[in-house]
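Report on the structure given below.
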Amino acid sequence: MTARKNSPPKFHPVTPSRWKDFEKLFGDNGACGGCWCMSARKTPAQFIKTKGAGNKRAIKKIIDSGKPPGVIGYSNGEPVAWCCVGPREDFIRLQKSRSLKPIDDQPVWSIPCLFVAKQFRKANLSSKAVNAAAKYAFSKSAKIVEGYPNDTRNKKWADPFAWMGLVSSFEKAGFKIVKRPSASRAIVRRFKSSQSKTSK
């Protein structure tokens, strides 16, 4: 299955009514290794303890609460992409990270991970997912959206390990590098005032 050029992806906040689509997109492995997009929301010890079914129950509880933890993308009616987004304080892993600690005292929303169905990974969906997530955050009064992507210019990343996204995808969505914690990692930001300047 491939995305049709005349059918651009459509993204929506993942609400309870979209749970089955979310479940279908993530598949038996929960996207990767039983994660179910809970890695950034738990400490490493908590994550390992609930890996798999426990994480699935946890993300469903969040979705059922009516507070969408991200946006899900569709191509021709099929769920094909996911991007997590929320206030930085929602993500314990970021709060405890030394390399990804806050760069200032401004409140931000964070994009800690994204996932694209394998057969769609050459369809430029990552940048579209990031763009949709940023727009959703801005609609919820966020002023700054931040990401922590891998930089393939200095290191190659296999798809399963590039779950925080790639610098190139964020740049296509209008984000700018504001810090480099390491040669293979960047902190990027997009401001609400610049959203109208991003590519479609």
Side-chain angles (χ1 to χ4, degrees), residues 13-16 18-19 22-23 25-72 81-116 126 129-130 133-134 136-137 140 142 144-152 154-155 157-167 169-170 175 177-190:
V14 64
T15 54
R18 297 184 187 278
W19 167 252
F22 180 87
E23 186 179 36
L25 174 62
F26 273 55
D28 294 337
N29 291 326
C32 183
C35 180
W36 288 98
C37 203
M38 289 300 298
S39 176
R41 297 178 184 273
K42 297 185 175 184
T43 65
Q46 289 172 335
F47 178 78
I48 291 172
K49 186 177 180 180
T50 59
K51 194 174 181 180
N55 283 338
K56 183 177 181 179
R57 288 192 296 270
I59 193 66
K60 188 175 190 301
K61 184 176 180 180
I62 293 172
I63 292 172
D64 286 346
S65 75
K67 182 182 177 183
V71 295
I72 187 168
W82 160 255
C83 190
C84 176
V85 65
R88 182 187 166 96
E89 55 267 26
D90 287 356
F91 306 109
I92 295 175
R93 189 72 67 93
L94 294 179
Q95 294 181 41
K96 294 183 175 295
S97 173
R98 292 183 179 180
S99 61
L100 300 179
K101 61 185 180 182
I103 62 176
D104 54 36
D105 59 0
Q106 297 188 74
V108 302
W109 278 46
S110 297
I111 294 177
C113 63
L114 59 148
F115 175 70
V116 176
S126 292
V130 168
Y136 171 70
K140 294 298 180 180
I144 304 171
V145 181
E146 197 171 75
Y148 318 93
N150 306 300
D151 194 340
T152 55
N154 297 297
K155 179 180 179 179
W157 295 81
D159 288 341
F161 300 102
W163 49 273
M164 295 186 92
L166 303 177
V167 167
S169 296
F170 278 84
F175 286 73
I177 295 173
V178 293
K179 186 177 180 180
R180 285 187 178 277
S182 69
S184 58
R185 178 77 60 195
I187 296 177
V188 297
R189 280 183 169 182
R190 177 169 152 186

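By the side-chain contact (heavy atoms from CB on, under 4.5 Å) test, Thr43 is found to be paired with Ala45, Gln46, Ile92, Lys96, residues two or more places apart in sequence or in another chain being considered. Residues forming a side-chain contact (heavy atoms from CB on, under 4.5 Å) with Ser126 (at least two apart in sequence, or on another chain): Leu114, Val116, Ser169. The salt bridge (charged side-chain N to carboxylate O under 4.0 Å, His left out) search around Asp105 returns none, not counting sequence neighbours. Checked against ring-ring contact (aromatic ring centres under 6.0 Å, His included), Phe22 has the following partners two or more places apart in sequence or in another chain: Trp19, Phe26, Trp82. Applying the side-chain hydrogen bond (donor to acceptor under 3.5 Å, both in side chains) test to Glu89 and every residue at least two apart in sequence or in another chain returns nothing. With sequence neighbours left out, the side-chain contact (heavy atoms from CB on, under 4.5 Å) criterion links Pro102 to Arg88. Under the side-chain contact (heavy atoms from CB on, under 4.5 Å) criterion, Ser99 pairs with Ser97, Pro181, not counting sequence neighbours. Legend: residues meeting side-chain hydrogen bond (donor to acceptor under 3.5 Å, both in side chains) with Lys67, ordered by chain and number and at least two apart, are Asp90.
We find the CD1-CD1 distance between Ile63 and Ile72 to be 8.0 Å, quoted to the nearest 0.5 Å. Taken from CE in Met164 to CD1 in Ile111, the straight-line distance is 10.5 Å, to the nearest 0.5 Å.
Closest approach of Pro13 and Arg18 over heavy atoms only: O-CD, 3.5 Å. Pairing each heavy atom of Pro149 with each of Val188, the nearest pair is CD-CG2, 3.7 Å. In terms of heavy-atom proximity, Ala186 sits nearest to Val167 at CB-CG2, 3.9 Å. Listed here is the closest heavy atom pair of Phe175 and Val145: CE2-O, 3.3 Å. Closest non-hydrogen pair, Phe91 versus Gly86, comes out as CE1-O, 3.5 Å.
Put simply, the side chain of Asn150 gets close to the backbone of Gly165: a donor and an acceptor are under 3.5 Å apart.
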Yes or no on side chain to side chain contact (heavy atoms under 4.5 Å, CB included) for Arg189 and Ile103, after CA distance, side-chain angles and deciding distance?
CA-CA 11 Å; Arg189 280 183 169 182; Ile103 62 176; 3.5 Å; yes

List the steps and the verdict of side chain to side chain contact (heavy atoms under 4.5 Å, CB included) for Asp64 and Lys61.
CA-CA 5 Å; Asp64 286 346; Lys61 184 176 180 180; 5.8 Å; no

Taking it one step at a time, do Leu100 and Arg185 satisfy side chain to side chain contact (heavy atoms under 4.5 Å, CB included)?
CA-CA 9 Å; Leu100 300 179; Arg185 178 77 60 195; 4.2 Å; yes

Set out, in order, the CA-CA distance, both residues' side-chain angles and the distance that settles side chain to side chain contact (heavy atoms under 4.5 Å, CB included) for Cys83 and Tyr136, then state yes or no.
CA-CA 11 Å; Cys83 190; Tyr136 171 70; over 6 Å; no

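Residue pairs that meet the salt bridge (charged side-chain N to carboxylate O under 4.0 Å, His left out) test with at least one member in residues 36-56, sequence neighbours left out, are Glu23-Lys56.
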Could you pull out every donor-acceptor pair under 3.5 Å between side chains of residues 27-39 and any protein atom, sequence neighbours left out?
residue: Ser39; atom: OG; partner: Arg93; partner atom: NH2; Å: 3.4

